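In what follows, a structure is listed as structure tokens, so that the remarks can point back to it.
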There are 2 protein chains.
Amino acid sequence: MDGGVDGLTVGEVAGLAGVTVRTLHHYDRIGLLSPSGRTASGYRQYSAADLDRLHAVLLYRDLGFSLEDVAALLADDADPAAHLRRQHALLRARLERTQQMVAAVEKEMEAREMGIPLTPEERFEVFGEHDPEQYEAEVQERWGETDAYAQSKRRTGAYSKQDWLRIKAEGEDVEARFAAALAAGVAADSAQAMDIAEEHRQQISRNFYDCPPQMHAGLGRMYVEDERFTAHYEKRAAGLAQYVSDAVQANAVRQGG
Amino acid sequence: MDGGVDGLTVGEVAGLAGVTVRTLHHYDRIGLLSPSGRTASGYRQYSAADLDRLHAVLLYRDLGFSLEDVAALLADDADPAAHLRRQHALLRARLERTQQMVAAVEKEMEAREMGIPLTPEERFEVFGEHDPEQYEAEVQERWGETDAYAQSKRRTGAYSKQDWLRIKAEGEDVEARFAAALAAGVAADSAQAMDIAEEHRQQISRNFYDCPPQMHAGLGRMYVEDERFTAHYEKRAAGLAQYVSDAVQANAVRQGG
DNA sequence: CTTGACCCTGACGCGACGTCAGGCCGCACT
DNA sequence: AGTGCGGCCTGACGTCGCGTCAGGGTCAAG
């Protein structure tokens, strides 16, 4: 009658939360999460409030905090709403960082496809926010755009030479057709130009990685934003980078709609 | 003359990659990443290829792989393009999971706002994919929608009672105005209904957490998708949940465009 | 009243480094 | 030519967050 809700055992909580019993023992031992009750025989009993706390602990832990820091966070302010706000902010930050990492990998895939070398800073910049000036000058002169470096980059690939030549030829073909369309005065958002763009997209998907229209649009933007990709296209024809970018984006809208 | 590129020292690589020298020593010791050269005096010399490998190591590590697994991954296939594809897929999976966690936190914030209890499974389901059937029945009968559980949930909040009453009153006000608009036959996508929706959004932002239009639209969808939220509105007036949802989404489009 | 699943408390082990300790390079500055 | 001083080397021990027995009590079912 006196509404004392009974608790869950370690095993039940462990099953619910997807952790081991040992983990819960550990959290009890270090005082991070002690069950609010025990049975006469010493069994741990976890209450609903304990589950709340465990939930917060696991989320913070998953976000990379040490258990000591988690304890501090949970001790700081007892307001649960504040935790939800903080967790929300932290998760959104993580989301953003992951998106940047995805973008970085996509950029690298595209760079590899074209044989364009990325600088070491560029490749690591997504890991932690260390000072970007620090090693810049020094590494620039060591690993600058020397032929040796570019070639070593290209050699690291373990493609079959056959495949590589075929892929290269396909790429050449599409680029040539883009250049021809540009020279002929075909509008970048015309069906003809978009068709070439679509073929470009499917080529990437076949040969390198799955490239949905939206991602393709991102690559298109990069062609005009990153000077090395721009240079790659401008070497063939003036204005080609912008032209390809426009056609790719127009095609993405067409495919997406 | 014979183009042997010289390497980077541990400190330089550490600075570039944002790790400590000790970490690089460790990776060398366990054979995960041994520099391709040494100076006469025993200094480690890292080549560009070593940086490539380190980059992959750090990415996989960041994704949660043990160093042993990372070694296996890197040994598996020497094709760098395969790694990029795999990393891309893993990152996208992580992105998705993070998005789910963000959504879960948002749902919980909203639930707390309305005093609706979430089941334990619901709160933990985003952590690891353990069998959803397993503990379902058992916990359902223990922690089902009893008053005791709901009340204990509500009590866990540490709001000042003043604040809580004011916030509650504000919520009541907006809900009442929604209900009145519905009763008066005002269309859900009319300016009047959207104005109430916008006030609802700003109320959430003020009292609970920053709620941009897009997120607000997500909440709106939940009002008709989750039966408990639906019930909350339907108790006041039939069709109100759908009405609020429509108004909120229309307003999101208006604000977003 | 036994059996098997679950609980308890030590206690040791392990992965991925952090953190000295003691000593060797290398370059600048005097 | 010496003399710092920062950076590099190799042990070796410490730490964190548990995993994994070992040895023993508990509890509902048969």
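Computed from a predicted model, the values in this text were never measured in an experiment. When reading the values below, keep in mind they use all heavy atoms of this one structure, side chains included, and skip hydrogens, waters and symmetry mates. Numbers restart at 1 for each chain; the letters A, B, ... are given by sequence-line order, proteins then strands.
Side-chain to base pairing of A:Tyr27 with D:dG17: no donor and acceptor N or O lie closer than 3.5 Å to each other.
The interatomic distance linking A:Asp69 (CG) with D:dC16 (P) rounds to 11 Å, in whole Å. When the C1' atom of C:dT9 is taken as reference, atom NE2 of A:His26 falls 15 Å away, rounded to whole Å. With rounding to whole Å, B:Gln45 atom CD is found 14 Å from D:dC9 atom C1'. Computed from coordinates, the A:Leu24 CG to C:dC8 C1' distance equals 14 Å when rounded to whole Å. Between the OH atom of A:Tyr43 and the C1' atom of D:dG25 there is a distance of 7 Å, given to the nearest Å. The nearest whole Å value for the distance from the CZ atom in A:Arg38 to the C1' atom in D:dG25 is 14 Å. D:dG17 atom C1' lies 15 Å from atom CG of A:Leu33, rounded to whole Å. Distance CD (B:Glu68) to P (C:dG15): 7 Å, rounded to an integer number of Å.
Smallest separation of non-hydrogen atoms from A:Ala56 and A:Leu74: CB-CD2, 3.9 Å. Here the closest heavy-atom approach between residue A:Arg85 and residue B:Met109 is recorded as N-SD, 4.4 Å.
With salt bridges taken as basic N to acidic carboxylate O contacts below 4.0 Å, one links B:Asp62 and B:Arg94. Ionic pairing of B:Arg44 and B:Asp50 is not present here: no N-O contact between side-chain nitrogen and carboxylate oxygen is shorter than 4.0 angstrom.
Between B:Tyr46 and the choices B:Thr9, B:Leu16, B:Leu54, B:Leu24, the side chain to side chain contact (heavy atoms under 4.5 Å, CB included) rule is met once, by B:Leu24.
An OP1 or OP2 oxygen of D:dA12 is reached within less than 4.0 angstrom by no side-chain nitrogen or oxygen of B:Arg29. For the OP1/OP2 pair of C:dA16 and a distance below 4.0 Å, the side-chain nitrogens and oxygens of B:Arg61 include no atom meeting the criterion. The shortest distance between the side-chain N/O atoms of A:Arg44 and the OP1/OP2 oxygens of C:dC7 is not below 4.0 Å. Contact check, B:Thr23 against C:dG18: a side-chain N or O comes under 4.0 Å of OP1 or OP2.
Nucleic acid contact class of B:Ser66 (heavy atoms, under 4.0 Å, all strands): sugar-phosphate only. Backbone-only contact: B:Thr20 has heavy atoms under 4.0 Å from sugar-phosphate atoms and none from a base.
If you find the closest nucleotide of DNA chain D to A:Arg22 and to B:His25, the one lying nearer the 5' end belongs to B:His25. The nearest heavy atom of DNA chain C to B:Ser41 and to B:Leu67 marks one nucleotide each, and the one closer to the 5' end goes with B:Leu67.
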